[in-house]
Structure formats: C-alpha cells, structure tokens
Number of protein chains: 2
Amino acid sequence: MTTADGHRAAGGVALNEASSDTKNAPAVTDGRRVKGERRRRALIEATVRVIARDGAAGVTHRTVAREAELPTTATTYYFSSIDALLTAALTQCMEEDSARVEALAAGPGDATGKRRALALLMAEILTSPGHLLAEFELYLLAARRPEQRAATRRWKEALAAFARELTDDPVRVKLFTRAYDGLLLQALLDDEPPTADEFEDLLRELLPDAEADADGKSPG
Amino acid sequence: MTTADGHRAAGGVALNEASSDTKNAPAVTDGRRVKGERRRRALIEATVRVIARDGAAGVTHRTVAREAELPTTATTYYFSSIDALLTAALTQCMEEDSARVEALAAGPGDATGKRRALALLMAEILTSPGHLLAEFELYLLAARRPEQRAATRRWKEALAAFARELTDDPVRVKLFTRAYDGLLLQALLDDEPPTADEFEDLLRELLPDAEADADGKSPG
DNA sequence: CAACTATCGGGACTATCGTTCCACTTTCTA
DNA sequence: TAGAAAGTGGAACGATAGTCCCGATAGTTG
C-alpha cells in the first residue's frame with residue numbers, strides 16, 4: 001500500500017479529535033502526528049478567517065494555505081477536498097458555540113442572570129461580525145446536506161437546553177431555539193450593532209420570567 | 001473601478017414592482033429594449049434557480065446563461081459583472097417577499113386571521129426550500145456590503161409593518177422583525193419542514209393577542 | 001432605401017482553480 | 001544505523017472561470 005494514498009483516504013473523513021479516539025491512543029504520542037494535527041487545526045482556523053474576510057466563495061486551497069502561512073499542498077494533504085475543509089470548519093464552529101451556550105446554561109445565576117449573560121455574549125459575538133458571517137455561510141452549506149446536520153443538531157440542542165433553564169413551556173423553548181439565530185442574523189444587517197441591553201429586552205420577551213399567577217417553578 | 005456599466009442605459013436599478021405583467025412601460029417603447037428587458041429578467045430568474053440548485057458558488061456567467069437558455073455573452077451584456085447579477089437577484093427577491101407580506105398586513109382579517117395567513121405563507125415558502133436557501137445566500141451577501149442594504153431594509157420594514165398590525169408594543173415589533181427570518185432558517189435545518197399549525201403556535205407566542213395587562217398599557 | 005443603434009453570440013485571451021506528482025526532510029521503530 | 005512511516009513543498013497539468021473582442025443581426029429613424 002502506497003503511503004500517501006492510504007493516509008489521504010483515511011484523513012479525508014477524520015474530523016474527530018475527541019473521545020472517540022480510544023483505539024488509536026498511542027498514535028497521538030507520535031511527534032509527527034502531533035505536529036500534523038497542529039497544522040490541521042491551523043488550516044481550519046484559517047478557513048474560518050478566509051470566509052470571514054472574503055466569504056465562502058473565497059475559500060480555495062491557495063487562499064487558505066496563504067492565510068495559514070503554509071504551502072498550498074498542505075490543504076490537499078490534510079483534507080481530501082475543499083468540501084472536507086468546509087465541513088471541518090462548520091463542525092468546529094458549532095462545537096465552540098454549543099460549548100459556550102451550554103456553559104451559560106449550566107453556570108450559576110438565576111433566570112434573569114442567565115438572560116443577561118446571553119445578551120452580553122450576543123453583543124460580544126457581534127464585535128467580530130466577520131466571524132459570525134462565516135458561521136452563517138457554513139450554516140447554509142449544511143442546510144444543503146443532511147449528512148452534515150449532526151453539527152447543527154448539536155447546536156440546536158444546546159440552545160434548547162439553555163431555554164429549558166428559563167422556562168418549562170415547550171412552545172417557548174421551541175420559539176427561542178428557532179428565533180435566536182435570526183436575532184444575530186438581523187443584527188448583521190443593522191447599520192450599527194445592537195447593544196447588550198437591546199438584546200436583553202428582546203430575550204425578556206422571548207423567555208419571560210415565570211408569572212406570579214400560575215407559578216410552580218421556584219429556583220433551587 | 002467598475003465604471004463600465006456599459007450602455008445598459010439606466011436599467012441598472014429599474015426594478016419593476018408590478019406584480020402583474022404590465023408591458024406598457026412608458027419609457028420603453030423600443031422593440032429592441034423590450035426584448036432586452038425580457039432577457040434581463042430571465043437572467044435574474046435563472047440566477048435564483050442556479051443558487052437554489054448549486055448555491056451562490058455555482059453562479060457563473062456560463063451556468064446562468066445555460067439555465068436561461070441564452071448564450072454566455074448575454075450575462076456579460078446585461079450585467080457588468082457577476083456581482084451586479086447577484087445584486088439584482090437580491091433586490092428582486094426582497095421585493096417579492098416584501099410585497100407578499102405587505103399584502104397580508106394590508107389585507108382583510110383580524111389579528112388572528114393575519115397570523116394564520118402568515119403561518120400558511122411560511123409553510124408554503126418551505127415547499128421550495130431551494131428558493132428560500134437562495135434568498136438566504138443573497139441575504140448574507142448583502143450583509144457584507146452596506147450599499148446593498150436598501151433591499152434588506154425594505155424587507156425589514158415590511159415585516160415591521162405586519163407586526164404593527166398585531167401589536168402596539170415596539171419591543172414586540174422589533175422582536176418579530178428580528179426573529180422571523182430565524183424561524184425560516186431553522187426550518188431549513190429540520191429533517192421535515194414544520195407545518196402551518198406549528199408556525200401559528202410560534203407566531204402566537206411572538207405576537208400574542210392584545211390582553212389587559214397590569215403594566216399600565218391597555219387597549220382601548 | 002441607408003444610416004444608426006441596440007442586441008446578439010461565437011470565440012479567445014488570461015487568470016486561477018482543484019488536484020496530482022515526486023523528490024525531499026523529519027520522526028519513529030527495530 | 002537502516003529502513004519505514006509521516007509529513008513537506010515546489011512545479012505543473014487540465015479544467016474552468018471572468019471578461020473582452022468583433023462581426024452579425026434586428027429594430028428604429030429619416
């Protein structure tokens with residue numbers, strides 16, 4: 001078996017560096033693979049930056065490699081195609097976003113505090129509109145391929161988990177899960193980005209405090 | 001330096017909003033221009049179909065021309081660049097969408113009826129997910145260029161006008177305006193599209209019927 | 001009719017794309 | 001230390017992109 005061919009075929013779909021790596025644990029100690037993994041990660045991050053700057057159409061082997069300050073062939077070595085690169089970038093972004101929202105949901109504070117924390121996060125996200133724009137482009141890419149929806153499903157479930165911290169109403173949870181992305185998308189079209197206070201106002205309407213009349217849910 | 005808008009006359013921004021096919025435009029009596037205007041329109045529609053099928057990355061002079069069953073040079077003749085073609089497609093889409101929502105807002109029926117009508121429209125839109133996907137891709141394109149936001153501003157104002165038919169609360173209006181697109185975007189990522197009933201549930205939460213509120217703002 | 005203008009469309013130029021090849025270096029294993 | 005495995009990167013191939021050129025055609029005007 002030729003060396004390059006075999007590795008390339010295996011590396012094309014290797015998107016996992018997570019816990020599913022149990023059977024190949026000793027390979028991680030290989031200095032060559034460690035360095036390779038670092039390059040692979042650098043390419044993914046460079047991809048997101050390229051999309052943020054020039055859009056998904058600007059993603060080519062050459063532009064990504066230049067952004068990562070690597071030779072052109074590095075992209076073809078670590079990713080079997082441009083598509084694999086975009087898929088990896090989407091998975092990475094959804095993972096990061098989900099982790100952030102999950103941390104907020106599981107973190108301390110009552111409903112009001114969590115709402116405030118999310119509003120602050122949204123405002124912070126909008127300080128780099130390019131990155132958000134890149135995520136939306138990758139998002140649309142996933143909408144075309146059902147096999148890529150594992151990443152977006154993960155994100156939706158993270159949103160739902162956050163909403164369930166603030167309400168028991170399933171319709172409210174569904175509404176929040178489906179409306180959240182729209183709030184950020186519309187903000188991208190504003191002439192000036194909304195403030196955290198504005199987001200907090202909207203979130204309060206979306207996920208209001210439990211009413212006094214039909215209470216039954218007390219914190220703690 | 002795209003000064004070569006060519007001899008494409010002043011048709012660059014001439015966006016006819018007429019829903020019916022009025023061909024007796026006062027400015028254009030020249031038979032050549034009439035035919036040309038028909039081609040130009042065919043190219044825009046072909047562009048949307050190409051994006052719906054292959055994404056924005058699939059839009060080239062050649063693919064659009066083939067989709068419209070016209071020679072390659074037709075695209076370069078009527079649009080100074082690919083960018084101009086995409087801009088025209090975005091403007092056209094936003095115009096159509098705005099007109100539909102405005103018709104609903106200005107139409108007959110009470111709040112409940114209008115909410116139901118919008119839910120039906122949303123469900124109908126999702127029967128051609130490709131077209132919706134195309135609109136979102138164009139939407140993101142506009143997010144990168146402030147000079148193109150006239151089209152999206154028009155759309156946002158149409159949404160706000162609809163919301164104001166159902167509520168006087170400015171926060172509610174803002175929330176609806178910013179959440180609506182998200183509802184459709186998330187629906188694209190579902191394994192099966194939501195029904196009109198589901199949308200109606202969400203819209204009822206988003207824009208509830210006016211109720212006597214203890215907050216001091218009472219209708220009447 | 002002819003002159004003129006708008007439209008049409010085949011072809012070609014250059015640039016850049018995705019991808020592959022192959023010689024090379026580094027790292028691990030025995 | 002030898003040899004295999006993994007990674008590296010310059011060069012180039014064919015395909016296709018955007019765009020321009022320029023003659024041909026059709027409608028308008030006088």
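Just the heavy atoms: all of them, side chains too, but no hydrogens, waters or symmetry mates, feed the values below. Chain letters run A, B, ... following the sequence lines, proteins first and then strands; every chain starts at 1.
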If you restrict it to nitrogen or oxygen atoms, what contacts under 3.5 Å exist between nucleotides 14-16 of chain D and the protein, and what is each distance?
none

Protein and nucleotides 27-30 of chain C: nitrogen or oxygen contacts under 3.5 angstrom:
from, atom 1, to, atom 2, distance (Å)
C:dT27, O2, A:Arg32, NH1, 3.1
C:dC28, OP1, A:Gly31, N, 2.7

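Contact between the side-chain N/O atoms of A:His61 and the OP1/OP2 oxygens of C:dT19 is found at a separation under 4.0 Å. Between A:Arg39 and D:dG9 there is a side-chain N or O to OP1 or OP2 distance below 4.0 Å. Taking 4.0 angstrom as the limit, A:Tyr77 places none of its side-chain polar atoms (N or O) nearer than this to OP1 or OP2 of C:dT19.
Checking C:dC17, C:dC8, D:dT19 against every side-chain atom of A:Thr63, the shortest atom distance belongs to C:dC17.
Spacing between atom CZ of A:Arg33 and atom C1' of D:dA5 amounts to 9 Å, rounded to whole angstrom units. Summarising the geometry, the separation between CG on A:Asp54 and P on C:dT16 is reported as 14 Å, rounded to the nearest angstrom. We find that CG of A:Leu85 is positioned 13 Å from C1' of C:dG18, with the value rounded to whole Å. The CG-C1' distance, from A:Leu43 to D:dG9, rounds to 13 Å in whole Å. If you take CD of B:Glu37 and P of C:dA6, they are 14 Å apart, rounded to a whole angstrom. Going from atom CG of A:Leu86 over to atom P of C:dC17 covers 14 Å, rounded to whole Å. The distance between atom CZ of B:Arg38 and atom C1' of C:dA6, rounded to the nearest whole Å, is 15 Å.
Within residues 66-74 of chain A, the residues that place at least one heavy atom under 4.0 Å from DNA chain D are, in residue-number order, A:Pro71, A:Thr73.
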For residues 121-129 of chain B, which side-chain donor-acceptor pairs fall under 3.5 Å, sequence neighbours excluded?
from, atom 1, to, atom 2, distance (Å)
B:Thr127, OG1, B:Glu124, O, 2.4

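With sequence neighbours left out, B:Thr177 forms a side-chain contact (heavy atoms from CB on, under 4.5 Å) with B:Lys156, B:Leu159, B:Ala160, B:Val173. Looking at residues two or more places apart in sequence or on another chain, you find no side chain to side chain donor-acceptor pair (under 3.5 Å) involving B:Thr152. With sequence neighbours excluded, the residues forming a side-chain contact (heavy atoms from CB on, under 4.5 Å) with B:Ala105 are B:Phe162, B:Glu165, listed by chain and number. The side-chain contact (heavy atoms from CB on, under 4.5 Å) check on B:Glu67 picks up B:Ala46, B:Arg49, B:Val50, B:Arg53, with sequence neighbours excluded. Partners of B:Leu140 by side-chain contact (heavy atoms from CB on, under 4.5 Å), not counting sequence neighbours, listed by chain and number: A:Leu133, A:Phe136, A:Glu137, A:Leu140, A:Leu185. A:Tyr180 meets the ring-ring contact (aromatic ring centres under 6.0 Å, His included) test with A:Trp155, A:Phe176; sequence neighbours excluded. Looking at residues two or more places apart in sequence or on another chain, you find a side chain to side chain donor-acceptor pair (under 3.5 Å) between B:Arg145 and B:Asp83. Judged as a side chain to side chain donor-acceptor pair (under 3.5 Å), and not counting sequence neighbours, B:Glu157 has no contacts.
Side-chain N or O atoms of B:Arg40 include none that pairs as donor or acceptor with a backbone N or O of B:Thr75 at under 3.5 Å.
Each of A:Leu166, A:Leu175, A:Asp201 was scored for a side chain to side chain contact (heavy atoms under 4.5 Å, CB included) with A:Leu206, with one residue passing: A:Leu175.
Between the side chains of B:Thr60 and B:Thr63, at least one donor-acceptor pair of N or O atoms lies under 3.5 Å.
Using a 4.0 Å heavy-atom cutoff across all strands shown, A:Val64 reaches no nucleic acid atom at all.
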